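Contents: one structure, followed by commentary.
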Amino acid sequence: MSALNPKRTVAELKELRALTGDADGAQRVAFTSTWLKAREWLRKQVEGLPLEIHNDAAGNTWFTLRGESEKCLLIGGHIDSVPNGGWLDGCLNVIAGVEILRRINAHYSGKPPVTVRLVDWADEEGARFGKSLFGSSACSGNLDMNEARGLVDKQGIKLPDALKNVGIDFERVKDSHKELKNAAAYLELHIEQGPVLLDLDLPLGAVLGTFGVERHAITFHGQAAHSGSTPMNRRKDAFLAAAKMSPYIYQLAEQHSGVCTIGSCTTRPGIVTSVVEECRITLDQRHLDAAKLATMLAEAKAASEKFAKEGNVKASWERLWQIAPRPFNDDLINLCDESIRETCGKSHRLPSGPLHDAAEVAAAGVPTVMMFVQSLHGISHNKIEDTKEDHLELCVTALDKLAGKVMGWIRR
Ligand SMILES: [Zn+2]
């Protein structure tokens with residue numbers, strides 16, 4: 001019986017880095033030859049295990065270890081990366097999953113109590129076509145086909161044509177949904193990509209869910225006027241109203257324990273000698289709680305009206321994008337917490353700011369949880385992305401414990 005070997009996961013991560021990275025970082029952009037090379041490498045790592053392996057209609061790769069029950073424990077990740085990406089984002093989840101398949105296979109002599117499936121999602125990052133979670137949203141059924149059909153990369157290649165190149169028929173990608181039949185639970189390990197666990201000096205955390213997002217453009221409409229001849233009290237300064245929003249959103253985020261960002265500000269006419277006629281800012285608000293997210297949005301809207309009125313200008317809003325919060329399963333969060341405590345003594349529960357494939361699986365109604373491992377520098381999507389090797393080993397151990405507990409949970 002072979003035991004879990006977390007050191008092997010670290011060695012395999014380094015091997016993949018050497019194979020598919022360069023001086024600028026990881027280069028496993030989805031649907032490229034480097035990505036295909038990484039996937040081929042992944043298949044080699046599981047040689048010798050009694051797995052059924054196939055690519056589904058959306059290009060997600062499934063590794064299935066049949067168990068006594070048809071009910072499935074899913075473990076997911078993505079081997080694709082952003083260009084010049086880090087060595088852990090996405091592939092850690094998949095490679096740790098391989099180690100857990102090995103352990104479960106050995107422990108149950110090839111026949112675990114429930115079926116265990118590892119999935120490598122296709123194009124989580126959306127680096128090439130600007131649309132993330134491609135494979136998992138096709139699988140969940142949430143992919144907007146009309147929008148996706150029109151996506152074009154920098155070379156002018158359409159998404160359907162790029163998919164054809166790797167043997168995927170775009171019009172059939174949602175057939176991937178049938179893979180979720182019998183799915184009883186979904187687990188995903190990921191680097192945190194933020195500084196929360198680092199600041200708490202904790203290696204691992206249980207993830208409560210992914211934030212809901214409200215993304216809007218707010219335009220203030222005033223009047224252009226000469227910057228020398230117009231007295232201050234006679235101005236309709238669109239920028240003044242927009243500027244007041246900046247400190248206000250910090251208050252709002254603090255009051256409701258969410259996050260708010262004004263990420264862009266453009267002015268017209270945008271010259272040094274004119275009062276601003278039109279000022280457009282973008283607002284991104286995120287929260288794990290749908291009601292609190294709605295309140296943050298309503299309060300931002302009310303404030304924009306108030307600031308507009310004070311400055312004798314008008315405000316108009318345009319929704320750019322929105323997604324609901326995706327809370328994870330309470331039982332699985334508890335089991336995740338327990339696995340972490342058994343592994344390293346202390347756990348922490350935290351929401352995820354970034355979206356992950358897990359959000360799509362949760363949206364499809366499969367009980368889901370994620371586990372985060374600390375990120376050094378709190379940074380990812382960058383070649384400096386890193387995690388201590390002993391933390392990497394701990395996360396493999398904790399994920400394995402969690403997989404064991406969740407198999408028991410599925411049986412109950
Ligand atoms: Zn990722």
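Values reported hereafter were calculated over all heavy atoms of this structure, with side chains retained and with hydrogens, waters and symmetry mates removed. Both ligands and their constituent atoms are indexed starting at 1 by order of listing. This structure is a prediction, so every number in the text was calculated from the model and none was measured.
For the residue pair His221/Ser316, the side-chain donor-acceptor check at 3.5 Å is satisfied. The closest side-chain donor-acceptor pair between Glu214 and Gln322 falls under 3.5 angstrom. At a cut-off of 3.5 Å, with distance as the only test, a side-chain donor of Trp87 or Asp386 sits close to an acceptor on the other residue. Between the side chains of Glu192 and Gln374, not a single donor N or O lies within less than 3.5 Å of an accepting N or O.
Between Arg28 and Asp80 there is no salt bridge, since none of the side-chain N atoms of the basic residue sits less than 4.0 Å from a carboxylate O of the acidic one.
Under the side chain to side chain contact (heavy atoms under 4.5 Å, CB included) test applied with Gln285, the options Thr261, Ile249, Val259, Leu293 reduce to a single match, Leu293.
Of all protein N/O/S atoms, those under 2.8 Å from the Zn ion (ligand 1) are His78 NE2, Asp89 OD1, His190 NE2, and waters are not counted.
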